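In the text below, chain A, chain B and the rest are named by the order of the sequence lines, each starting its count at 1. For the numbers below, each heavy atom of this structure counts, side chains included, while hydrogens, waters and symmetry mates do not. Note that the structure is predicted; figures quoted are calculated from it, not measured.
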2 protein chains.
Amino acid sequence: MSKLFHEYKNPSLAVDLVIFGYHDKTLSVLLLNRKEEPFKDCWTLPGGFLQMEETFLDTCSRILKTKTGMDDVFLEQLYSFDEPGRDPRGRVIAVGYYALINPARFNIIAGSMANDVKWFDVRKLPKLGFDHEHIFRLSLQRLKSKILYDPVGFELLDELFTITELHELYECILQTTIDRRNFRRKILDAEYVINTGTKREGLQNRHPELYKFNKKLKKNSFQINVNAT
Amino acid sequence: MSKLFHEYKNPSLAVDLVIFGYHDKTLSVLLLNRKEEPFKDCWTLPGGFLQMEETFLDTCSRILKTKTGMDDVFLEQLYSFDEPGRDPRGRVIAVGYYALINPARFNIIAGSMANDVKWFDVRKLPKLGFDHEHIFRLSLQRLKSKILYDPVGFELLDELFTITELHELYECILQTTIDRRNFRRKILDAEYVINTGTKREGLQNRHPELYKFNKKLKKNSFQINVNAT
DNA sequence: TTTCGTTTGCGTCAATTTAACGTGAAGTAA
DNA sequence: TTACTTCACGTTAAATTGACGCAAACGAAA
C-alpha cells in the first residue's frame, strides 16, 4: 500500500523576482538588502515562499506589495530552479518571474523585512545571495531575446514616448548600437506604435512626435536584428 | 517569532513529461493509461512526484526509466504549472519538461503503474487527465518555435539522415509546406549538417546522401521562416 | 534677425536575403 | 530504351537590410 497523499515530505517552494526598471537611459534591477539570516546584510532578489492557497502570481503580487510597495505590473514566468544547495536552509525550489516596471510610477519603499531596497544598474550589480546571480543572468538574457520579436519595451516607458526614447531603450538593453533611421523604419512599418499627433514640448531641439503602444499588435510582427546576442 | 523553517505546509511537487517521438513521418507523444485514481483508465502524460533529494532531471530520468523503459534522452524544462485545481488530490505544482526521442532506439514498456503506454499522433490525441492537454499544447508550441532557430531536429532522427528526411520532419512539426530546395540551401549554408560521403542504399530512386548533425553548430546560426506559427 | 549646432523625420541605394521555380543526373522498373 | 521518381544544384525577380544623406524644426547664441 502506498503512502497517503500528504505524507510525503515536500521541498519548500519560493518565488523570486527579477524586477527590471528603466530610468535615465539605464536598465536597473531592484534588489533588497536582507535583515535576517541567511545572507543577512546581503543583496538579493525579492522573493518569498508560496503559501498553500496562492498561485505563483498571487505570491508575486504579495512580494511586490509588501517588499517594494508596487502593484499591477507586467510579470512573466522565467524558469524554475532546483539546484539542491541553492538555499542553505534546506531544499527550496524557486520559481523565477521577471517584471518590467516604469520606476516613475512607483515610490519604492523597503518593507519591514529588509534593511533597504534599491535600484542597481544591471552592469554594476553587487554580489548576490543564494543563486540569484544565476537567476538574474538568465532573466536578462530572456529580456534581450524577447524584445527582438515581442513588443514589451513599452512596459518600461511612459504611456507616451518618442521613437528616440524607444530606440535608446533598445540600445541600452541590447548593449549595442542600432541605426536610428533603420530602427525607426522597422518600428513604424510593423505598426509597433501609434502616432498620437502630439509632440513632446520644452526640449532644446526639434520637438519629437509622441507615440503610444499599439495594443492590437501581435507577437512576431516584427524582428529586430542585432550583431550579437 | 516566525515559524521554524519546515513547519510551513508545502504544495506537492510533480514533474510531468511531454515525450515527443517521430516515426513514419508522424510526430507522436507518449501517453500512459493510468491504473489508479485519480483519472483511472484515462490517458495522461507520464509524471511523478519529486523526491526530497532529487533534482528535476533526476525525477525525469526516474519517470522515463520506470514508466517507459527509456534513458539518456534530450530533455528541456518547459514551464511550471500552478492552477490550484489542476490535481483533484490537492495542491500539486507541476514542472513540465519535454523530451525528444527517436522511438527506434527504444522498446517502450509499460511500468507496473500503468495499464498501457502508447504513442499518439499529436493531431489525434485522446482526452487527457489533469491539465495535461494544456501542458501538451504549450510544449508543442515551444517545439514549433524552437526548431526554427535551434538545431534540435536531429534528436528525433537516426544518427545518419538525409536532407529530405530532415525536411519532412520540419514540415511535419510545423504542419506547413516548406520549399524543398530553399530548405536544403539554408540547412547547408548554416552548416547544420555534415555530409558523411555515404548514401542511403536500397531505395527506389536516386540514392540520397547521408548527413550527420554538426555538433559544433551554435544556436541562432540559422533561421527557418514559415508563413504562420 | 540671422547664424549655429543639434535632433528629428524621411529618403536613397547598393548589397544581401528570400521566395518561387527550372532542370539535368541518378536511380528502379517496365 | 523508355518511363517515372527523387535528388542536387541553379536561376531570377522581389523583398529586406544596412549604411548613409539631407532638409526641416527647434532653442540658443550672435
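Look at CG on B:N225: it is 10 Å from P on D:dT17, rounded to the nearest Å. Remark: P of D:dA24 and CD of A:Q204 are 21 Å apart, rounded to the nearest angstrom. The interatomic distance linking A:R180 (CZ) with D:dG21 (P) rounds to 12 Å, in whole Å. One can place NE2 of A:H207 at 12 Å from P of D:dA25, the figure rounded to the nearest angstrom. Between the NE2 atom of B:H167 and the P atom of D:dC9 there is a distance of 16 Å, given to the nearest Å. Remark: P of D:dC7 and CZ of B:R200 are 10 Å apart, rounded to the nearest angstrom. Protein atom CZ of A:R181 is 13 Å distant from nucleotide atom P of D:dG18, rounded to whole Å.
Residue contacts shown for A:I163 are absent, as no nucleic acid heavy atom lies under 4.0 Å away. Residue-level contact check: A:T164 touches the backbone only, with heavy atoms under 4.0 Å from sugar-phosphate atoms and none from bases.
In the 5' to 3' direction, nucleotides of DNA chain C lying under 4.0 Å from heavy atoms of chain B begin and end at C:dT18 to C:dA29.
One axis for each end of the helix from C:dT1-D:dA30 to C:dA30-D:dT1, each built from five base pairs, and the angle between them comes to 10° at 10° resolution.
Side-chain atoms of A:R206 stay outside donor-acceptor range of the base of D:dC26, with no qualifying N/O pair under 3.5 Å.
The only member of B:W119, B:F120, B:F130, B:F136 that meets ring pair (Phe, Tyr, Trp, His ring centres under 6.0 Å) when paired with B:W43 is B:F120. Screening A:F154, A:F183, A:Y22 for a ring pair (Phe, Tyr, Trp, His ring centres under 6.0 Å) with A:Y170, the sole residue that qualifies is A:F183.
Using a cutoff of 4.0 Å between basic side-chain nitrogens and carboxylate oxygens, B:E171 and B:K25 are not scored as salt-bridged.
Two rings, from B:Y149 and B:F222, have their centers 6.0 Å or more apart.
Interface residues of residues 182-196 of chain A facing DNA chain C, ordered by number: A:R184, A:R185; criterion, heavy-atom separation under 4.0 Å.
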